[in-house]
Amino acid sequence: MKKILMLLFAIALTFAFAATDSEASLRAEGILIDADRPATSKQPITNKVIELRGPEQQVSFFYEMKSDSTEQDQQLVLRFQHSELLIAPSSLTVQVDGKPITSKLLTGEDESKELVIPLQEEALKQGIHEITVLFYGVIKEGVCVEQGTSANWLAIQVDSYLQLGGKQSPDQYLADYPEAFIGTGKYPVTIIIPQKASVETLDSALKVGAFLSESTDEQFPVRIKREDDVKSLSSNVLIIGATDEFSSSTMKSLIQQASLTAIEDSLILSYETVTDGKEQVDALLVMSETPAALTERVSVLTNPKLFKQMTGKQFRIRTMPVRDSNESGNTVKLSQFGMDNLTLNGSNRESQQFFHYAPFTIDKNQAAVLELHLKRSALDHSGTNVTEDVFRGPVELTVLINDVPHSINLDELSDPQEGVYSIQLPIEKSAIKESRMISLQLQASGLMAKNPCVTTDHNRWIYIEKDSFVTFPKEKENGEKLPSFAQFPSPFIDKKDGALVVLPTVSINDDQLLYFYRKLYLNSHPMDWKLADGGVMKEEELKNQHTLFIGGPDVQPLLKAKQKELAVSYATGKPDLAALGFMGDTSKSVSFIQPSLWGSKRYAMMVMDSLTNELEIDRPLVDFLQLTDEVATVAVLSNNRKVYTNAASIEAASSVEPNETVKVTAGPSVGWLVGFGVLLVLAIVSVWLVVRRRRRRVE
């Protein structure tokens, strides 16, 4: 099925391929190239501590060689700690592609160690390679000693890394994207755009930059420069824009030397080498005839399904494939979490953590459901004595959703279809955090033999298929959701609705915009938002979509027209933070979110404004918005770089139920006054009747 989908993508693209195998480099006049980069680079193998449990457990890592390499000092540096109770014959073994490379004896004398494993010969051949780390732990001498305890462990540290050759082949091709354009903080990749780039071109460059930046753990691996500001290059470069947008002689010369012919409604990608006569760097030219043609096709550089199909040194894209409607909606496969088909057994009893953002439009009053498709080892039929003595209990699978456990007793399963069990597991509503990141981990118990005095060849295992999926409950059709920062970057990144990032009428730094785009970008979501010029936009363009404004009413004409309806008052021309309980004099910037002032109220709008004389996007505030789970609608960054919100006020207001009767004691109610008046009238009438009767008797 996967091969068929890839073939359909390839047909839909209708790429016109033009081979350019010439080894001639493009000469860059007026630009100094200083490409004195290290021959090797470090690649972390994990972003968290990996704990292996004894007596036996293993974990695998993967790396890719683009071509055969013979460079020296390519190696795996494994840093780890282990239990001080370990004794011989405890060991750590490293395999590359299934072939044992080295084994190290582990004892409790030195609990923190470093192991350096050189990569040679077959390990440096072109292709994908697997490194497997196997742990065998023994914690006490004697016969028939239980080894599967919490004291039997080894932890692989986050500072372990692979050191691989930086440039593995003299011949570079489009298939080397994106790896060849992932920079470092010291040697950032440069994206060059026209000096007066259109909004569409800037938007395209920012999206490519955000994708490349989030493909590495480096803090600032990509920078954006206007063509007139490029004086030198120290790493590879991307040149993005419409051909007629470039105005500098250097950029015009490079495009002319590359012999790129822009064709209407198409995008051409060309892999080139740029030299100043002494040094050289690789360059990817991303060219179109018009900015509109560029922005319509730039996702070929941000969507792995598309750029993995690129070949040769030049690629022309005319028709883009229609996105599969099944990619959107409230059903998320475990493969979208990043999980492949997974096998749990006695030596591998838990998976790594997988992550995915939940859809924005979900009904939190209903439970999400995880449907698991799995196989398991055959039930034991050799007698209860073996099962009880060796395994001591049933096989249990625990699914951790945001660290909340959900348990399944696999021994109670029945009626598999062709050997596959389908299990629907409701997820506790409390485990879903405000439509934000969902973490998922699978753990198993009952798979490992517990009695070391009983010899058995039983092998219990669980095989979980990656097409298992989570179904999130859909929000009601007419339901209006109150936006808050707890969902950010949703709803602005959701596939269901469009979103606009509106530029102010004053200039904003390109690298600040790139940082903001990085916080909007998620691996599991396409970048469907668009950049717009607030100076020329009309109100009609804001209907039926979410909106992000960079700057307040003084630099956003559309906000100025709706100034009285904003969640933050601008009566004095500046945000009135004191009215909301914040110290305005010590504040640096503010952001607030509210229902859109245009069209349906189910759409959200957010404003990011600066209280200083120069408008800027403050990184600490953007970082806070990306990470916070607070249900807040106003966030203020102070001069001490701390962020304060109105979350407490919202929580206090929401503590009063909508249907709760509130008793007012400041004065009598209308009903009481009416009743009192009726009684008073009756009393007067009664007195009048009594007086009248007495007068008649006297007469």
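All heavy atoms count here, side chains included; hydrogens, waters and symmetry mates do not. One-based numbering along the sequence shown.
Just one of Leu267, Ile191, Ile193 meets the side-chain contact (heavy atoms from CB on, under 4.5 Å) condition when paired with Val286; it is Leu267. The one candidate from Ile131, Leu76, Val96, Leu119 that meets the side-chain contact (heavy atoms from CB on, under 4.5 Å) condition with Ile101 is Val96.
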Derivation of the side-chain contact (heavy atoms from CB on, under 4.5 Å) call for Gln81 and Gln157
CA-CA 7 Å; Gln81 292 180 313; Gln157 302 301 304; 3.7 Å; yes

List the steps and the verdict of salt bridge (Lys or Arg N to Asp or Glu O under 4.0 Å) for Lys196 and Glu227.
CA-CA 9 Å; Lys196 296 181 179 180; Glu227 56 183 323; over 6 Å; no

Working for side chain to side chain donor-acceptor pair (under 3.5 Å), residues Thr93 and Ser103
CA-CA 4 Å; Thr93 299; Ser103 291; 2.8 Å; yes

Set out, in order, the CA-CA distance, both residues' side-chain angles and the distance that settles side-chain contact (heavy atoms from CB on, under 4.5 Å) for Leu202 and Leu531, then state yes or no.
CA-CA 8 Å; Leu202 177 59; Leu531 197 64; 3.7 Å; yes

Run the side chain to side chain donor-acceptor pair (under 3.5 Å) check on Glu289 and Thr243 step by step: do they pass?
CA-CA 6 Å; Glu289 184 183 50; Thr243 52; over 6 Å; no

Take His82 and Lys113, measure what side-chain contact (heavy atoms from CB on, under 4.5 Å) needs, and give me the verdict at the end.
CA-CA 9 Å; His82 59 73; Lys113 293 185 173 69; 2.9 Å; yes

Dump the intermediate steps for side chain to side chain donor-acceptor pair (under 3.5 Å) on Glu272 and Ser270, then the final yes or no.
CA-CA 6 Å; Glu272 306 286 349; Ser270 183; 2.5 Å; yes

I'd like to know whether Leu548 forms a side-chain contact (heavy atoms from CB on, under 4.5 Å) with Phe516, so could you lay out the CA-CA distance, the side-chain angles of the two residues, the decisive distance to 0.1 Å, and finally the verdict.
CA-CA 11 Å; Leu548 271 163; Phe516 185 55; 4.0 Å; yes

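Counting only distance, with no hydrogens or angles, the side chain of Asp618 and the backbone of Leu621 share no donor-acceptor pair below 3.5 Å. Not one N or O on the side chain of Tyr173 forms a donor-acceptor pair closer than 3.5 Å with the backbone of Thr311. A donor-acceptor contact shorter than 3.5 Å links the side chain of Ser591 to the backbone of Val607. Looking only at distances, a side-chain donor or acceptor of Gln556 sits under 3.5 Å from a matching main-chain atom of Val502. Proximity of a side-chain donor or acceptor of Arg226 to a complementary backbone N or O of Asp510 within less than 3.5 Å is not detected. Looking only at distances, no side-chain donor or acceptor of Glu200 sits under 3.5 Å from a matching main-chain atom of Thr295. Put simply, the side chain of Ser439 never gets that close to the backbone of Phe355: no donor and acceptor are under 3.5 Å apart. When atom types are taken as modelled, the side chain of Gln95 and the backbone of Thr132 share no donor-acceptor pair closer than 3.5 angstrom. No donor-acceptor pair closer than 3.5 Å links the side chain of Lys642 to the backbone N or O of Asn639. Side chain of Ser253 to backbone of Ser249: no donor-acceptor contact under 3.5 angstrom is found.
Between Leu500 and Met537 the shortest side-chain heavy-atom distance falls below 4.5 Å. Ile50 is listed as a side-chain neighbour of Leu52, based on a closest heavy-atom distance under 4.5 Å. Met251 is listed as a side-chain neighbour of Leu254, based on a closest heavy-atom distance under 4.5 Å. Residues Tyr63 and Met65 meet the side-chain proximity criterion, which asks for heavy atoms closer than 4.5 Å. Residues Lys466 and Leu342 have side chains not in contact (no heavy-atom distance under 4.5 Å, counting atoms from C-beta outward). Looking at heavy atoms from C-beta onward, Val501 lies in side-chain contact with Leu520 at the 4.5 angstrom threshold. At a threshold of 4.5 Å between non-hydrogen side-chain atoms, the residues Ser215 and Ile182 count as touching. You'll find the side chain of Met310 reaches within 4.5 Å of the side chain of Tyr177, heavy atoms only.
The line from OG1 of Thr628 to CZ of Phe485 is 9.0 Å long, rounded to the nearest 0.5 Å. In this structure, Ile31 CD1 and Thr250 OG1 are separated by 5.0 Å, a value rounded to the nearest 0.5 Å. To the nearest 0.5 Å, the span separating OG1 on Thr184 from CD on Gln219 amounts to 12.5 Å. From Gln280, atom CD reaches atom CG of Leu26 across 10.5 Å, with rounding to the nearest 0.5 Å. Within the model, atoms CG of Leu233 and OG1 of Thr190 stand 5.5 Å from one another, a figure rounded to the nearest 0.5 Å. Atom CD of Glu296 is separated from atom OG of Ser288 by 9.5 Å, given to the nearest 0.5 angstrom.
Partners of Tyr515 according to the ring-ring contact (aromatic ring centres under 6.0 Å, His included) rule, which considers only residues two or more places apart in sequence or in another chain, do not exist here. By the salt bridge (charged side-chain N to carboxylate O under 4.0 Å, His left out) test, Glu122 pairs with no residue at all, sequence neighbours left out.
Each ring pair (Phe, Tyr, Trp, His ring centres under 6.0 Å) pair with one or both residues in residues 211-237, not counting sequence neighbours, appears once here: Phe211-Phe307.
Heavy-atom contacts from other residues, nucleotides or ligands closer than 6.0 Å to CD of Gln256 number 12 or fewer. Within a 6.0 Å sphere centred on CZ of Arg619, heavy atoms belonging to other residues, nucleotides or ligands number more than 12. Sparse packing is recorded around CG of Asp244, with 12 or fewer heavy atoms of other residues, nucleotides or ligands lying under 6.0 Å away.
Between Thr302 and Lys207, the closest heavy-atom pair is CG2-O, 3.8 Å. The nearest pair of heavy atoms linking Arg518 to Pro221 is NH1-CD, 3.9 Å. The minimum heavy-atom distance linking Val158 with Val49 is given by the pair CG1-N, 3.5 Å. Pairing each heavy atom of Asp282 with each of Phe181, the nearest pair is O-CE2, 4.0 Å. The minimum heavy-atom distance between Lys278 and Asp276, with the atom names listed, is N-OD1, 3.0 Å. Minimum heavy-atom separation, Gln314 to Ala258: NE2-O, 4.0 Å.
Taking 4.0 Å as the cut-off between side-chain N and carboxylate O, Lys519 and Asp623 count as a salt-bridged pair. Using a 4.0 Å cut-off between charged nitrogen and carboxylate oxygen, Arg223 and Asp511 do not count as a salt-bridge pair. Between Asp203 and Lys530 there is no salt bridge, since none of the side-chain N atoms of the basic residue sits less than 4.0 Å from a carboxylate O of the acidic one.
A donor atom on one side chain and an acceptor atom on the other are not found under 3.5 Å apart for Ser204 and Thr201.
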